[in-house]
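First up is the structure itself, then whatever we jot down about it.
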Amino acid sequence: MPERFEIRLSGSGGQGLILAGVILAEAAGIYEGKFVAQTQSYGPEARGGASKAEVVISDGEIDYPLAIKPDVLLCLNQKACEIYFQDLKPGGTLLVDATLVHDLPTLEVIAIPFTRIAREQVGREATANIVALAALVAITGVVSIDSLEKAVLARVPQGTEALNKKALDAGIAAAQDWLKEKRLPEI
Amino acid sequence: MPERFEIRLSGSGGQGLILAGVILAEAAGIYEGKFVAQTQSYGPEARGGASKAEVVISDGEIDYPLAIKPDVLLCLNQKACEIYFQDLKPGGTLLVDATLVHDLPTLEVIAIPFTRIAREQVGREATANIVALAALVAITGVVSIDSLEKAVLARVPQGTEALNKKALDAGIAAAQDWLKEKRLPEI
Amino acid sequence: MAEVTKLIHKYLRHEKKFPHVWCPGCGNGIILGALIRAIDRTGFTKDEIVLVSGIGCSGRMSVYVDFNTLHTTHGRALTFATGVKLANPKLQVIVVMGDGDATAIGGNHFIHAARRNLNLTAIIINNSTYGMTGGQYSPTTPYGALAATAPYGHIEHPFAIAELAVTAGAAWVGRGTTYHANLLDKLIEAAILKRGFAVVEVITHCHTLFGRKNVLGGPVEMMQWQKEAAVRLEKAKTMTPEELAGKFTIGVLTDRDLPIYTQEYRKIREAAEAAMIGKGETQ
Amino acid sequence: MAEVTKLIHKYLRHEKKFPHVWCPGCGNGIILGALIRAIDRTGFTKDEIVLVSGIGCSGRMSVYVDFNTLHTTHGRALTFATGVKLANPKLQVIVVMGDGDATAIGGNHFIHAARRNLNLTAIIINNSTYGMTGGQYSPTTPYGALAATAPYGHIEHPFAIAELAVTAGAAWVGRGTTYHANLLDKLIEAAILKRGFAVVEVITHCHTLFGRKNVLGGPVEMMQWQKEAAVRLEKAKTMTPEELAGKFTIGVLTDRDLPIYTQEYRKIREAAEAAMIGKGETQ
Amino acid sequence: MTEEQSPATETAEPKKYDIDIYRAWCKECGLCAAFCPKGCIKLNDAGAPVIEDSERCTGCGWCELHCPDFAISVHEREKTIPKEEAD
Amino acid sequence: MTEEQSPATETAEPKKYDIDIYRAWCKECGLCAAFCPKGCIKLNDAGAPVIEDSERCTGCGWCELHCPDFAISVHEREKTIPKEEAD
Amino acid sequence: MPDSGKNGRTLLLQGNEAMVAGALAAGCRFFAGYPITPATEISEAMSYQLPAVGGTFIQMEDEIAGLGAVIGASLAGVKAMTATSGPGFSLMQENLGFACVAEVPCVIVNVMRGGPSTGLPTHVAQGDVQQARWGTHGDHAIIVLSVSTTRECFDLTVKAFNLSEKYRTPVIILSDEVVAHTREKITLPPAAEVEVVERRRPAMPPEWYIPYEDTPQGVPPMGIFGDGYRYHVTGLIHDVRGFPTERPDEIVPFLERLYRKINQNFFEIQMVDEYLAEDAEILIIAYGSVARSAKRAVDDARSQGLKAGLIKLITLWPFPRRLLEPHLKLVRAVLVPELNLGQISREVKRINQGLTRVVTLNRVDGYLITPEELVERLGKL
Amino acid sequence: MPDSGKNGRTLLLQGNEAMVAGALAAGCRFFAGYPITPATEISEAMSYQLPAVGGTFIQMEDEIAGLGAVIGASLAGVKAMTATSGPGFSLMQENLGFACVAEVPCVIVNVMRGGPSTGLPTHVAQGDVQQARWGTHGDHAIIVLSVSTTRECFDLTVKAFNLSEKYRTPVIILSDEVVAHTREKITLPPAAEVEVVERRRPAMPPEWYIPYEDTPQGVPPMGIFGDGYRYHVTGLIHDVRGFPTERPDEIVPFLERLYRKINQNFFEIQMVDEYLAEDAEILIIAYGSVARSAKRAVDDARSQGLKAGLIKLITLWPFPRRLLEPHLKLVRAVLVPELNLGQISREVKRINQGLTRVVTLNRVDGYLITPEELVERLGKL
Ligand SMILES: Cc1ncc(C[n+]2csc(CCOP(=O)(O)OP(=O)(O)O)c2C)c(N)n1
Ligand SMILES: Cc1ncc(C[n+]2csc(CCOP(=O)(O)OP(=O)(O)O)c2C)c(N)n1
Ligand code: SF4
Ligand code: SF4
Ligand code: SF4
Ligand code: SF4
Ligand code: SF4
Ligand code: SF4
Ligand SMILES: [Mg+2]
Ligand SMILES: [Mg+2]
């Protein structure tokens with residue numbers, strides 16, 4: 001039974017989570033040759049409140065396509081964080097958008113203000129999904145930054161490549177900042 | 001298993017066979033308290049060529065509703081005679097309309113010109129079915145003439161009672177003539 | 001004139017048993033004759049013609065003629081025809097339906113086919129009743145008429161089939177009768193030749209059921225009525241509403257040039273091919 | 001004006017979760033408001049009203065209001081409504097349908113309901129697309145528009161819903177928009193009060209799908225378009241075809257007095273009772 | 001039928017026609033007999049169409065166009081053409 | 001809206017109105033702000049409608065009639081009516 | 001046309017006509033349908049008789065509309081019915097599922113003819129037995145009765161209405177062309193002698209009414225439109241109030257209740273008729289017109305010394321397993337004759353699990369299996 | 001949207017998208033349908049890709065029209081497909097029967113969602129398995145395949161077209177919401193590597209062509225409209241020439257051939273995938289998305305020392321009895337997990353006839369059965 005690595009991206013309907021999931025799956029599947037299964041919640045649920053996209057990555061064929069116990073959980077809003085935190089694998093990574101998630105369910109959390117970064121540094125709030133995805137990749141190393149970049153540029157609408165590159169860079173930078181800061185107190 | 005008496009009335013679509021079947025069934029069922037099952041062939045077949053109506057009469061409940069081996073077969077056209085004669089019970093009664101059936105399949109046949117009688121004596125060709133039914137009843141005694149008359153008068157359209165009564169009488173008379181004639185050579 | 005009959009025989013399926021199933025004097029046979037003559041005049045070969053029919057007395061037409069013939073489910077003839085035509089636009093697809101078939105169970109397909117404007121010919125045989133099932137009321141049964149399911153007189157008002165086709169978007173719409181057989185030949189011929197969705201409503205008689213129930217006489221009397229009640233559209237324009245009471249119009253109701261579906265779809269194919277090439281180049 | 005909101009609250013189902021499911025700015029909410037106000041003005045009680053809806057974004061309306069509510073199968077709302085009305089003619093039956101619901105899958109029921117003239121009110125929420133399933137083209141999607149199933153531009157021409165209703169026989173037909181809310185209130189009120197089959201076509205916006213695909217902006221821009229493109233029928237009569245290009249008309253298209261079905265059916269009952277008595281006497 | 005040209009008018013000299021009824025297909029509906037403008041066809045007692053007088057026939061074609069069973073055909077009476085010419 | 005009588009015109013003396021937005025239901029669609037003829041409502045940076053100036057409000061009712069979420073209501077500003085009278 | 005609307009009289013009626021008489025006796029006051037052979041006589045008799053008793057007949061534009069209107073009428077409190085044959089029954093499947101989910105009592109008659117597709121419109125068949133169980137999408141339970149005589153056409157139509165009202169569920173009656181068109185003598189019971197069940201209506205104040213709340217029988221009382229119990233009816237899976245839900249803890253109890261209300265009450269719903277089955281060594285299991293041939297065949301076989309017996313199925317679904325199993329254990333063989341390629345025999349085999357030998361006799365040429373054929377087959381077992 | 005029309009490339013595709021790729025690879029050039037969740041992506045991808053390869057996409061006014069147009073297109077010689085979900089599938093039943101009787105090759109995809117009725121439109125279910133077999137009226141045979149991965153969505157769509165062409169019959173593919181929407185990596189084979197079967201066409205002169213004549217395989221060659229082999233197509237039972245018949249000696253051979261052509265070729269049509277089934281003591285029989293959970297559960301169980309195995313059904317109908325029976329004889333128990341109340345388990349029980357213990361695990365709340373649930377259940381067997 002090959003090892004699985006499971007990522008859940010959660011938030012509300014309009015935050016571009018499915019696109020982020022697809023990009024991550026393509027980065028792993030197409031650009032790194034892994035097996036991947038990507039799913040999402042459909043329906044009214046997906047139009048507001050808590051919705052989610054999942055990516056399962058493995059070296060072997062993937063049987064059950066949904067996340068069993070996510071290794072990584074990204075939450076872009078408060079509601080999603082409340083609902084999905086309990087599913088996180090013990091010791092798994094919780095990443096939240098500090099702009100929108102204020103009540104944290106644990107101290108073991110990486111809180112980065114993705115939305116604010118998107119708005120202020122990238123100049124377009126709608127790129128928060130890419131900022132967050134970049135940070136997630138930078139922190140977890142689930143795929144290489146290079147694969148991620150390829151996947152992002154192949155998926156986003158023509159003409160928005162530069163903007164998304166900027167979002168990627170901002171996300172990576174934020175992650176590195178966090179990693180540094182985080183390590184500091186620990187040392 | 002109670003005894004069954006089976007009658008098949010055959011001819012072409014427009015000859016009023018179903019009505020004749022229904023009348024006979026009502027005569028036996030409603031006016032003589034017997035059990036009856038009345039069926040007919042439906043569909044394109046019924047619009048031309050050989051079509052049939054059947055009446056099964058019994059003192060007990062009737063299981064199989066179709067004629068198995070008719071005790072009496074009435075044929076109002078040549079085609080019907082050809083097709084259905086083979087089904088007649090050995091020793092059963094074959095009654096044909098001598099106006100329209102010319103090739104007889106057997107010598108044991110009662111051939112009476114119902115259509116001609118209807119046209120000439122009753123004054124309406126369309127009453128041939130009633131003429132024939134009356135003759136059939138008179139010859140076989142399957143129901144009483146009285147029950148038959150009641151059933152006929154209850155079923156036919158208002159205003160045609162006299163005509164149909166005439167047809168009944170003509171049929172009975174023809175049957176009696178035939179019975180007389182028939183007996184003569186035998187004696 | 002014997003050529004007329006010869007010509008008919010050229011198109012009949014002689015392996016089928018004749019005479020056909022219809023009642024003596026039924027208008028379906030007259031319409032079948034008109035249809036064959038019209039097709040012959042258009043010059044299309046037997047192989048090019050697809051005759052699609054629905055379910056009903058009228059629907060039995062397809063079995064008798066030596067074309068590609070398709071007897072569909074009740075009411076769905078136009079949907080099958082749509083598939084045939086889109087799959088092979090070179091085929092001339094003619095759809096024969098009863099009034100019940102086309103406007104009761106099949107009414108939606110009818111208005112949508114009119115809206116879409118595929119190059120199809122729809123012939124609607126309007127005998128004011130469901131013949132096949134025994135004379136129940138149809139969407140064209142007149143108010144007050146008797147029917148097997150209207151034993152006390154019908155309380156609904158009928159569709160004006162041809163007018164409905166016009167509003168729904170049909171490119172060409174005509175109405176004829178079985179009495180006016182020459183006109184009918186011409187209407188059907190024009191409808192087949194029309195590039196676009198063309199509808200011919202044929203007023204005909206079902207004397208066996210509708211006629212008998214309503215004491216309208218046999219085929220002779222009912223065709224006599226057609227003769228008397230039908231008014232050419234051109235003439236109707238000069239008549240007052242009072243004069244037109246109890247009459248109906250025959251002729252060509254509309255003839256308009258609209259882009260046909262398969263033509264338009266060619267544009268989609270071109271756009272799609274261009275889009276794919278575009279993608280191929282950039283990726 | 002707060003009475004307006006108070007009045008709305010009088011009719012909402014407070015055990016249901018609000019806000020409702022529709023997208024921010026969706027016209028369905030505006031129409032729901034107009035419907036409630038219109039019903040209130042008619043004076044019918046909640047118990048007397050049956051609100052029947054189809055399947056679609058618009059179809060979700062029935063869940064929110066405190067009437068007898070019936071959310072049917074896709075396209076069949078008018079058939080269910082027909083049964084309700086015939087079973088209890090005292091009920092006021094209002095049927096809310098999307099353009100897809102009423103004129104794609106439900107088109108046949110629509111024209112037949114119009115022809116039959118039951119005393120029903122049909123409100124057709126025309127947002128030019130299938131909202132619920134994600135913006136595929138509907139029978140009202142304009143020629144050339146983009147849709148989820150028309151990625152290269154749509155090649156079909158739309159139905160004129162209100163006009164189709166007129167030809168099919170509806171007693172009363174009106175058209176309004178979500179922009180012209182006061183007019184809409186009045187149209188719906190008149191439609192409910194009309195004795196006969198009454199149709200209100202409401203032009204509205206699905207900015208989330210139709211608007212976004214066709215770069216028409218959000219609810220504000222799309223309602224701005226309604227404001228500019230809508231022309232009162234009375235005014236349209238004074239305009240040239242050129243002036244009317246790109247516009248559509250609003251107002252009452254037809255209002256005619258036709259015998260309603262349930263009234264007519266009463267005659268059938270009387271005839272039937274008489275026939276049975278007749279039989280009883282003679283037998 | 002009024003505005004439609006009947007074949008008979010195409011030629012000045014009055015032609016003669018033969019009327020054939022194909023009995024196997026004829027269903028005796030009576031349409032031909034009822035509508036023949038010249039009364040060439042009558043129904044016999046059994047209801048079958050019979051040719052009353054083909055001399056009067058103008059070859060107008062009504063009967064042939066309207067017979068629902070393709071059971072009647074009308075053709076110009078053949079002049080006795082010499083065999084050679086006919087080939 | 002032109003030919004429809006707006007409630008504000010019913011009285012000569014200009015009335016004052018309060019505009020309430022029920023935040024729990026408002027979906028911030030922006031319709032009220034875009035179409036208020038007097039510009040009483042604006043959207044804030046987060047896209048939420050806020051009352052810019054209720055003094056200008058004529059009580060025309062556009063916003064209340066058109067809010068798809070029944071989230072805005074406009075009512076005549078209460079004159080400080082003596083308690084007794086109010087009952 | 002005999003007047004089958006008056007009770008207490010002896011008449012000669014077709015199966016189709018007797019159904020109309022049964023429906024009227026059961027309180028049916030609404031019929032919507034679309035004509036189709038061999039069910040048309042039901043429409044026609046309804047159009048004639050319903051208005052005379054204050055009911056309503058309407059011919060709709062198709063069968064989908066027919067069942068739609070029937071559901072609407074039932075929701076408005078009037079007992080309602082439609083009738084069709086195979087092609088129309090196929091079209092009704094979507095709305096049939098709606099009636100199951102929304103728990104709307106109604107009766108649907110399918111007079112079976114030869115299929116598939118347009119098939120053999122005027123000939124007898126029994127090809128829609130599995131369809132009646134599985135024709136609509138999604139899991140559902142359903143009650144299906146089968147008729148074999150004019151008498152049963154009356155009695156079981158009454159029963160169908162009663163079951164549908166009691167369990168708030170559509171009930172399907174499968175008839176066939178032979179039963180539908182055979183005329184038999186029938187004495188219609190006076191109205192007072194007909195047991196008629198009405199749906200349970202809510203008795204609590206409207207504010208307390210929870211329209212889809214569970215009850216011991218699994219059947220909630222039913223408000224009808226206009227009676228003050230305003231509630232929501234939908235084909236979406238709904239909570240106890242009738243509102244759409246996606247919560248597993250509301251979905252599962254609802255779907256299970258739908259299933260349970262039919263299946264837990266099997267003792268009332270499942271009916272068979274036994275004929276000489278007690279001491280039988282060979283058993284025929286049959287239904288519909290074939291059961292008539294089978295009865296005769298049993299008599300014939302017995303007169304030839306063969307201990308044959310018959311179980312006539314009246315309830316086809318839920319399949320009367322518990323009534324059949326005991327017999328399977330006792331007999332040498334079971335013969336399942338059907339006018340199809342083996343639809344009920346499939347169920348007999350499923351429950352058989354090696355108990356006895358199950359033999360089929362299938363006929364699909366449009367004609368009824370004859371007693372003779374059956375006797376011959378029995379002789380070979 | 002990834003371009004799934006080009007072959008030989010690795011893409012991330014949803015099951016729905018992979019079906020479109022498979023259809024195009026199999027030569028499908030016509031699609032007519034009506035949108036419905038969760039099948040809509042099939043329509044959408046078809047509308048985008050078909051015109052680029054010279055094909056035609058049309059959205060019809062409803063599902064009935066969709067299948068009608070598909071049948072028409074196939075008769076005119078173009079491979080055709082439609083896709084829907086439960087409600088639309090119910091509506092298609094009448095025309096499905098037509099395609100069976102008229103022997104028109106075509107492919108119908110049903111992406112299952114929660115039912116019955118409108119049900120749970122966005123949730124996964126497997127409630128239409130028996131409907132796929134029995135949904136249309138009248139006896140008929142049918143081929144139904146089930147997909148569980150994006151790869152299979154491609155491969156089995158190709159297979160479905162091939163079977164439909166070879167046997168002149170509609171083929172149904174049952175997918176489900178999870179399979180339809182899961183994105184997986186897939187390498188599309190180059191066109192040359194895809195085995196594509198074309199219907200057998202008549203080779204004799206047109207005058208000799210007898211369109212419905214029996215052949216050893218039971219499948220007559222098929223003329224297409226316009227190719228010179230003019231013949232009659234009807235949903236009525238017909239003789240070998242295609243003309244309606246009521247003669248038993250023509251009806252019976254025809255209906256039997258329809259049945260035989262599918263059932264005698266079971267060895268080609270019936271497919272299952274075995275996973276550790278050989279030495280299994282406990283066997284899971286599963287299909288669709290549930291088979292994915294089951295595979296994981298087998299692994300998990302084995303790692304806990306339980307000798308579990310899996311048979312994944314690919315062909316659901318005709319039910320692969322001969323492939324399963326040998327296993328039933330060898331195992332201690334069979335677990336049949338399904339997202340319904342027990343539809344395939346019914347068939348397993350039917351063929352079991354006492355061979356082993358058959359246990360079910362049913363889930364109908366709109367969610368996929370998890371490997372955990374399965375392992376737990378296996379542990380208790
Ligand atoms: C789905 C379905 N419903 C009903 C029928 C029964 N049926 C056959 S033909 C017909 C109506 C025929 O009327 P019309 O289309 O006017 O044709 P006509 O017989 O009058 O020529 C009906 C209702 C059917 N075959 N299929
Ligand atoms: C039989 C059936 N087919 C398809 C669907 C899927 N479906 C649900 S709503 C809808 C169309 C919605 O369009 P419209 O009626 O215009 O309503 P809107 O969502 O735009 O308000 C469709 C196709 C369905 N529920 N049932
Ligand atoms: S029943 Fe009517 S329509 Fe049918 S064949 Fe006879 S006359 Fe013609
Ligand atoms: S998708 Fe369109 S129609 Fe549906 S709620 Fe959103 S805006 Fe309204
Ligand atoms: S019209 Fe034709 S079928 Fe009718 S009587 Fe004349 S020849 Fe015979
Ligand atoms: S061709 Fe004209 S004139 Fe001659 S028989 Fe026929 S209808 Fe009469
Ligand atoms: S119109 Fe209503 S929902 Fe929209 S912004 Fe204003 S208050 Fe909010
Ligand atoms: S009532 Fe009129 S003026 Fe006042 S805020 Fe609303 S839209 Fe503006
Ligand atoms: Mg008709
Ligand atoms: Mg819409």
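Ranked by heavy-atom pairs under 4.5 Å with chain C, the first of H:Gly77, H:Gly228, H:Gly235, H:Gly223 is H:Gly228. Note on H:Ile224, H:Ile71, H:Asp227: by heavy-atom pairs under 4.5 Å with chain C, the leading option is H:Ile71. The candidate with the highest count of non-hydrogen atom pairs below 4.5 Å against chain C, out of H:Ala80, H:Ser74, H:Gly55, is H:Gly55. The choice from H:Leu50, H:Ile64, H:Asp62 that makes the most heavy-atom pairs within less than 4.5 Å of chain C is H:Ile64. For the options C:Asp66, C:Asn88, C:Thr72, C:Val50, heavy-atom pairs under 4.5 Å to chain H are most numerous at C:Asp66. Chain C forms more heavy-atom pairs under 4.5 Å with one residue of H:Ala76, H:Gly72, H:Gly226 than with any other, namely H:Gly72. Counting heavy-atom pairs closer than 4.5 Å to chain C, the top-ranked of the candidates H:Gly242, H:Gly66, H:Ala52 is H:Ala52.
The contact between H:Arg241 and chain C is made entirely by side chain atoms (from C-beta outward), counting heavy-atom distances below 4.5 Å. Looking at C:His109, the atoms closer than 4.5 Å to chain H (heavy atoms on both sides) sit in the backbone and in the side chain alike. Within the 4.5 angstrom heavy-atom criterion, only side-chain atoms of C:Leu91, from C-beta onward, approach chain H. Using a 4.5 Å cut-off between heavy atoms, C:Arg13 contacts chain H through its side chain alone, with no backbone atom that close. Neither the backbone nor the side chain of C:Lys85 has a heavy atom closer than 4.5 Å to any heavy atom of chain H. Using a 4.5 Å cut-off between heavy atoms, C:Arg116 touches chain H through its side chain atoms alone. For chain C, no part of H:Ala32 is nearby; none of its heavy atoms comes within less than 4.5 Å. With a 4.5 angstrom heavy-atom cutoff, H:Phe225 touches chain C via backbone and side-chain atoms both.
At a heavy-atom separation below 4.5 angstrom, chain C is approached by H:Glu94, H:Asn95, H:Phe98 within residues 93-102 of chain H. Residues of residues 197-211 of chain H never come within less than 4.5 angstrom of chain C, heavy atom to heavy atom.
Closest of all the heavy-atom pairs between H:Ala69 and H:Phe30 is O-CE2, 3.6 Å. What you find for H:Phe89 and H:Ala132 is that their closest heavy atoms are CE2-CA, 3.8 Å.
Listed by first and then second residue, the ring-ring contact (aromatic ring centres under 6.0 Å, His included) pairs involving residues 33-63 of chain C amount to none (not counting sequence neighbours).
A distance of 11.5 Å separates CD1 of C:Ile124 from CD1 of C:Ile31, quoted to the nearest 0.5 Å. We find the CD1-OG distance between H:Ile173 and H:Ser164 to be 9.5 Å, quoted to the nearest 0.5 Å. Rounded to the nearest 0.5 angstrom, C:Met61 CE and C:Asn28 CG are separated by 5.0 Å. With rounding to the nearest 0.5 angstrom, the CE atom of H:Met92 is 3.5 Å from the OG1 atom of H:Thr82.
Salt-bridge check for C:Lys10 with C:Asp40: passed, with a basic side-chain N closer than 4.0 Å to an acidic carboxylate O. Between H:Arg247 and H:Asp239 there is no salt bridge, since no side-chain nitrogen of the basic residue lies less than 4.0 Å from a carboxylate oxygen of the acidic one. A salt bridge links C:Glu264 with C:Lys267: the closest approach of a Lys/Arg side-chain nitrogen to an acidic carboxylate oxygen falls below 4.0 angstrom.
A side-chain N or O of C:Glu48 and one of C:Thr45 form a donor-acceptor pair less than 3.5 Å apart. With 3.5 Å as the limit, one finds no donor-acceptor pair spanning the side chains of C:Asn108 and H:Glu61.
Aromatic ring pairs are classed by plane angle as parallel below 30°, tilted from 30° to 60° and perpendicular above 60°; the pair H:Phe31 and H:Phe57 is parallel.
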Exercise. Quick one: do C:Thr69 and H:Arg230 satisfy side chain to side chain donor-acceptor pair (under 3.5 Å)? Show the steps, please.
Key: CA-CA 7 Å; C:Thr69 55; H:Arg230 297 184 303 275; over 6 Å; no

Exercise. Might you work through the side chain to side chain contact (heavy atoms under 4.5 Å, CB included) test for H:Met60 and H:Tyr34, ending with a clear yes or no?
Key: CA-CA 6 Å; H:Met60 297 293 287; H:Tyr34 189 76; 5.9 Å; no

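A cation-pi contact, defined as under 6.0 Å to the ring centre and within 45° of the axis, links C:Lys46 to C:Tyr11.
Shown here are the side-chain contact (heavy atoms from CB on, under 4.5 Å) partners of C:Val63, two or more places apart in sequence or in another chain: C:Lys16, H:His232, H:Phe243, H:Pro244.
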